Peer 1: 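Take a look at this one; I'll ask things after.
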Amino acid sequence: MGYILNIETATKNCSVAVAKDGITILCKEIAEQGYSHAERLHVFINEIVNEAKISLSDLDAIAVSQGPGSYTGLRIGVSAAKGLCYALEIPLIAIDTLQSLANKVVANDGFVIPMIDARRMEVYSAIFNANKEKIREVQAEVLTEESFDTITGKVYFVGDSNEKAKAILSKSNFIFLDDLVFPSANEMGLLSFQKFENKDFVDVAYFEPYYLKDFMFAK
């Protein structure tokens, strides 16, 4: 097993990491209001390969965040990943954006709910147990005071929707991890390695990001 390049562009965070055998060895990222992914992504890829002292030909696969998230961000990331896979003749791996966001959380019990802002009071969310196993699929939903109120035990919220969620989600078992805002390529290393080992690849020609909703201009 060699190296996997992981690309995460589903939110304002433009993030690239190189992992070997499921362990991230280098990560470069920046989160900016203006979505500078088109300018930053290829620069980051070149820099991280050079700093890891490898070449693109050493890569065994490319992994990309599949969404949900920003239409523009996802399109940029997937286009770059596809181009590299074509040029290098290596497989493409798709990683659930909310899964990698959930994997930022260290919790021994309860549930993890990663949320990505979808404008106004709407979010993209999923529900994971403490082992990071998905127990409710991804949904686009409008937050209300009743959201997630049937869940007993600790509930850890992570993502860029925490500020607006805290305004209406006030149950005592709700815990907001405000320092964990964006999904990152750093958490994709183990996920992409597991998929590589299982030969869980997507078709480079036909793969499309999981937009979940129709096109919306990025904020």
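The first residue of the sequence shown is numbered 1, and numbering continues consecutively from there. Small disclaimer: the values here were computed from a predicted structure and weren't measured.
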Peer 1: Any side-chain heavy-atom pair from K82 and L92 closer than 4.5 angstrom?
Peer 2: yes

Peer 1: Can you tell if the side chain of L59 reaches within under 4.5 Å of the side chain of I62, non-hydrogen atoms only?
Peer 2: yes

Peer 1: Atom CZ of F201 and atom CD1 of I90: how far apart are they, to the nearest 0.5 Å?
Peer 2: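 Output value for this atom pair is 10.0 Å.
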
Peer 1: Quick check on the hydrophobic clustering: are L5 and Y3 connected, directly or via other members, by side-chain heavy-atom contacts under 4.5 Å?
Peer 2: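 Result: yes, single cluster for both.
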
Peer 1: Give, for atom CD1 of I7 and atom CG of L84, the distance between the pair rounded to the nearest 0.5 Å.
Peer 2: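 Answer rounded to 0.5 Å: 6.0 Å.
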
Peer 1: Check each of I25, I54, V18, V43 against I48 using the side chain to side chain contact (heavy atoms under 4.5 Å, CB included) test, and report the only one that passes.
Peer 2: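 With I48 as partner, side chain to side chain contact (heavy atoms under 4.5 Å, CB included) holds for just one option, V18.
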
Peer 1: Output all residues satisfying side chain to side chain donor-acceptor pair (under 3.5 Å) with E163, sequence neighbours left out; order by chain, then residue number.
Peer 2: K166

Peer 1: How close do T9 and C14 get, heavy atom to heavy atom, and via which atoms?
Peer 2: CG2-SG, 4.4 Å

Peer 1: Can a donor-acceptor pair be found, under 3.5 Å and without considering hydrogens, that links the side chain of S147 to the backbone of L143?
Peer 2: no

Peer 1: What pairs with S172 under side chain to side chain contact (heavy atoms under 4.5 Å, CB included), at least two apart in sequence or on another chain?
Peer 2: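 Not a single residue meets the side chain to side chain contact (heavy atoms under 4.5 Å, CB included) criterion with S172.
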
Peer 1: Are V64 and I93 packed together at the side-chain level, in the sense that at least one heavy-atom pair is separated by less than 4.5 angstrom?
Peer 2: no

Peer 1: What are the two closest non-hydrogen atoms of N6 and G189, and how far apart are they?
Peer 2: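 Distance-wise, the nearest heavy atoms are ND2-CA, 3.9 Å.
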
Peer 1: Give me the atom names and distance for the closest heavy-atom approach of Y211 to P68.
Peer 2: O-CB, 4.3 Å

Peer 1: Is there any salt bridge (charged side-chain N to carboxylate O under 4.0 Å, His left out) pair reaching into residues 148-162, and which pairs are they, with sequence neighbours excluded?
Peer 2: none

Peer 1: Between D203 (side chain) and F207 (backbone), is there a donor-acceptor pair under 3.5 Å?
Peer 2: no

Peer 1: Report the distance from atom CZ of F111 to atom CZ of R136, rounding to the nearest 0.5 Å.
Peer 2: 12.5 Å

Peer 1: Look at the side-chain heavy atoms of Ile, Leu, Val, Met, Phe, Trp and Tyr, link any pair under 4.5 Å apart, and say whether L177 and F182 land in one connected group.
Peer 2: no

Peer 1: Do you see a donor-acceptor pair shorter than 3.5 Å between the side chains of Q99 and N103?
Peer 2: yes

Peer 1: Please determine which of V202, L190, D200 meets the side chain to side chain contact (heavy atoms under 4.5 Å, CB included) test together with K195.
Peer 2: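 The passing option is D200.
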
Peer 1: Partners of I113 by side chain to side chain contact (heavy atoms under 4.5 Å, CB included), sequence neighbours excluded?
Peer 2: M115, S125, I127, F148, I151, V155, F157

Peer 1: Is the CG atom of N108 crowded by more than 12 outside heavy atoms at less than 6.0 Å?
Peer 2: no

Peer 1: Side chains of S57 and S55: do they bring a donor and an acceptor to under 3.5 Å?
Peer 2: yes

Peer 1: Among residues two or more places apart or on two chains, list those pairs meeting salt bridge (charged side-chain N to carboxylate O under 4.0 Å, His left out) that have a residue in residues 89-103.
Peer 2: D96-K134

Peer 1: Please identify each residue that fulfils side chain to side chain donor-acceptor pair (under 3.5 Å) with S65, with sequence neighbours left out.
Peer 2: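 Listed in chain order: E8, T97.
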
Peer 1: Can you hop from I135 to V105 via hydrophobic side chains spaced under 4.5 Å?
Peer 2: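 No, I135 and V105 fall in different hydrophobic clusters.
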
Peer 1: Closest heavy-atom contact between V123 and S161?
Peer 2: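 Taking every non-hydrogen atom into account, CG1-OG, 3.3 Å.
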
Peer 1: Is it true that a side-chain atom of D60 and a backbone atom of I4 form a donor plus acceptor pair closer than 3.5 Å?
Peer 2: no

Peer 1: Please identify which of these residues, K28, E29, E187, H37, meets the side-chain hydrogen bond (donor to acceptor under 3.5 Å, both in side chains) condition with S15.
Peer 2: E29

Peer 1: Give a yes or no on whether the backbone of L26 and the side-chain of T24 come within a donor-acceptor separation of less than 3.5 Å.
Peer 2: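 Looks like no, no N/O pair under 3.5 Å.
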
Peer 1: Could you pull out the closest heavy-atom pair between L101 and P183, with the gap in Å?
Peer 2: CD1-N, 3.7 Å

Peer 1: Which heavy atom in F128 sits nearest to a heavy atom in A102, and how many Å separate them?
Peer 2: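 Here F128 and A102 meet closest at CD1-CB, 3.7 Å.
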
